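Written out below as structure tokens is the structure these notes cover.
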Amino acid sequence: MSPTQPLAGTGLPLAGITVVAVEQAVAAPLATRHMADLGARVIKVERPDGGDFARSYDTSVGGLASHFVWLNRGKESVTLDLKSPGGRQVLAELVAGADVFVQNLAPGAATRLGFGAAGLRARHPRLVTVDMSGYGGTGPYRDKRAYDMLIQCEAAVVSVTGAADRPAKAGIPASDIAAGMYALSATLAALVGRGVGGEGAALEISMLEATTEWMGYQIYHAQGTGRSPGRMGLSHPSVAPYGAFPTADGAEVVIGVQNDREWARFAAEFLGRPELATDPAWATNVARVRHREAVDALVAEHTSATVADRLVACLDTIGIASARVNEVDDLLDHPQLAARRRWRPVETPGGTVRGLLPPFTVEGVELPMGPVPALGEHTVPVLRELGYSAADIAGLRRRGAVSGVPENSPAEPGGLSSRHGARCRWCHRSASAAQAQWPRRLRRPVPPSGPLGRGRSC
């Protein structure tokens, strides 16, 4: 599998790596999108009857679902019916040429289809397999359905989120994101390990375990004190003052004083009460947490006399941490993101949208921001790349093993299409120049190169 691989020497950390993903929803697609961000070729295998169900969550982005647009840029979409022998055969051929295989089917489903980690690793020792699930492959919850909010409940995230009188889930899919990020980091580590020892690895990621890890200090606080930390809203159970305070213009500003040195400066220069730096009832964080109501009332008395912009400027001047309580619209126009040029155009089947550059920056390298694929957009090009003739593809389509763009689609072998322009999205050569080299490279073994294993190019 080589034609759409980024060229070695581009500076992309995962250049030359191919990822095949049987994925849906959020956790696995997040992990593989970041692999694409880092230069990997990601082939997303979807069901023919609608594909990844996240495609239909909403229609808010030019008729597309916001979750899907967020999670699937830079991937190739191939539709396969994995219940059919033909669909499974195509997937087996894709996996045979891959470096990483990611799946988040129901526990046991991949094994029943013939794509369990043990069997794949036996056939392909250099392959890294990544199995993702809600609760893991063993235990009494193994077969329990798992969605983000349910995992947040089981992992006690809601017990420490929201106002004191009522639990709330995190406003983002925190459990999905936790699992996706651990899948990404574990995969990167496994690829480095393969580069050293030559062997792949079988990885397993559980949403519950990933989220429990994210509970972090709350777990140790509960063990040490014998009680749950509880919900604090926009406050902190272990630090004071640290919370949202009113301003004269009706806004709120969060102020965080993290240590006693900062408190001394805050008390003297903002509150005008230098004696509070030595008063035993106020001088230490432990004392301030014990008298939180009095501390917060004193701080609010001062903040409510100042408009938000002036308050933030004042706090910045004296070196006290603060933040405005923004809405999403404010974030879209955030001056720091604009100053650092973090927004890029991303093509989708519904038109161009603004996308945020990946949060990891590689000096001197512009990470790719590939298009969001239409369902099955790359099915025919990928099948051709595997060596399937037009007649073979037509037969697979008649048997319902595949679906996707018809034979006369503008999509071309190797991932070029009208939405990519007339150039390869990796090497930026013209379509004709790139295509001229494809026939002799299709299905041709490529010798290992580089620390991560196979080195491939367009």
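Quick caveat: nothing in here was measured; it's all calculated off a predicted structure. For reference, positions follow the sequence shown, starting with 1.
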Derivation of the side-chain contact (heavy atoms from CB on, under 4.5 Å) call for Val346 and Val372: CA-CA 8 Å; Val346 174; Val372 177; 4.1 Å; yes
Chi angles and distances behind the side-chain contact (heavy atoms from CB on, under 4.5 Å) call for Tyr242, Val254: CA-CA 7 Å; Tyr242 194 171; Val254 173; 4.2 Å; yes
Any side-chain to backbone donor/acceptor pair from [X] onto [Y]? Under 3.5 Å, distance only.
X      : Y      : answer
Ser84  : Gly87  : yes
Arg397 : Ser403 : no
Gln152 : Ala170 : yes
His236 : Ser238 : yes
Arg88  : Lys83  : yes
Glu301 : Ala297 : no
Arg265 : Ile318 : yes
Arg273 : Ala267 : no

Under the side-chain contact (heavy atoms from CB on, under 4.5 Å) rule, collect the residues that match up with [X], sequence neighbours excluded.
X      : answer
Leu357 : Arg342, Arg344, Glu366, Met369
Ala305 : none
Arg231 : Pro167

Non-hydrogen side-chain atoms of [X] and [Y] separated by less than 4.5 Å:
X      : Y      : result
Asp37  : Pro368 : no
Tyr141 : Ser133 : no
Arg354 : Leu332 : yes
Phe245 : Val325 : no
Thr306 : His302 : no
Asn259 : Val257 : no

With rounding to the nearest 0.5 angstrom, report the [atom1] to [atom2] distance, [X] to [Y].
X      : Y      : atom1 : atom2 : result
Leu184 : Thr32  : CG    : OG1   : 9.5 Å
Arg290 : Asn285 : CZ    : CG    : 10.5 Å
Thr111 : Asp131 : OG1   : CG    : 7.0 Å
Thr18  : Leu94  : OG1   : CG    : 9.5 Å
Arg340 : Thr361 : CZ    : OG1   : 6.0 Å
Leu12  : Leu38  : CG    : CG    : 8.0 Å

Candidate list Leu80, Thr379, Asp81, Leu383, test side-chain contact (heavy atoms from CB on, under 4.5 Å), partner Leu396, passing option: Leu383
Has [X] got more than 12 heavy atoms of other residues, nucleotides or ligands less than 6.0 Å from its [atom1]?
X      : atom1 : result
Arg341 : CZ    : no
Tyr57  : OH    : yes
Met149 : CE    : no

Least distance between heavy atoms, [X] atom then [Y] atom:
X      : Y      : value
Pro373 : His378 : CB-CE1, 3.9 Å
Phe101 : Phe115 : CE2-O, 3.8 Å
Ala36  : Arg73  : CB-O, 4.2 Å
Val61  : Ser66  : CG2-CA, 3.7 Å
Gly180 : Leu30  : CA-CD2, 4.4 Å
Arg55  : Ala65  : O-CB, 3.4 Å

Scan [range] for pairs that pass salt bridge (charged side-chain N to carboxylate O under 4.0 Å, His left out), counting only residues two or more places apart or in two chains.
range            : value
residues 165-189 : none
residues 180-193 : none
residues 17-27   : Glu23-Lys44, Glu23-Lys75
residues 320-334 : Asp309-Arg324

Whether Phe266 and Trp263 hold their rings parallel, tilted or perpendicular, with breakpoints at 30° and 60°: tilted
Audit row: Val102, Val20, side-chain contact (heavy atoms from CB on, under 4.5 Å) steps and yes/no: CA-CA 6 Å; Val102 179; Val20 173; over 6 Å; no
Leu337 and Leu331: CA distance, side-chain angles, deciding distance, side-chain contact (heavy atoms from CB on, under 4.5 Å) verdict: CA-CA 8 Å; Leu337 296 175; Leu331 177 62; 4.0 Å; yes
Who passes side chain to side chain donor-acceptor pair (under 3.5 Å) against [X], sequence neighbours left out?
X      : value
His67  : none
Ser56  : none
Tyr135 : none

Would you please say whether a donor-acceptor pair under 3.5 Å links the side chains of [X] and [Y]?
X      : Y      : value
Asn104 : Gln24  : no
Thr303 : Thr247 : no
Glu46  : Thr79  : no

Is [X] salt-bridged to [Y], going by a charged N under 4.0 Å from an acidic O?
X      : Y     : answer
Arg194 : Asp99 : yes
Glu76  : Arg41 : yes
Arg47  : Asp49 : yes

Pairs where residues 340-374 contributes a residue and the test ring pair (Phe, Tyr, Trp, His ring centres under 6.0 Å) is met, not counting sequence neighbours: His34-Phe360
Salt bridge (charged side-chain N to carboxylate O under 4.0 Å, His left out) partners of Asp260, counting only residues at least two apart: Arg288
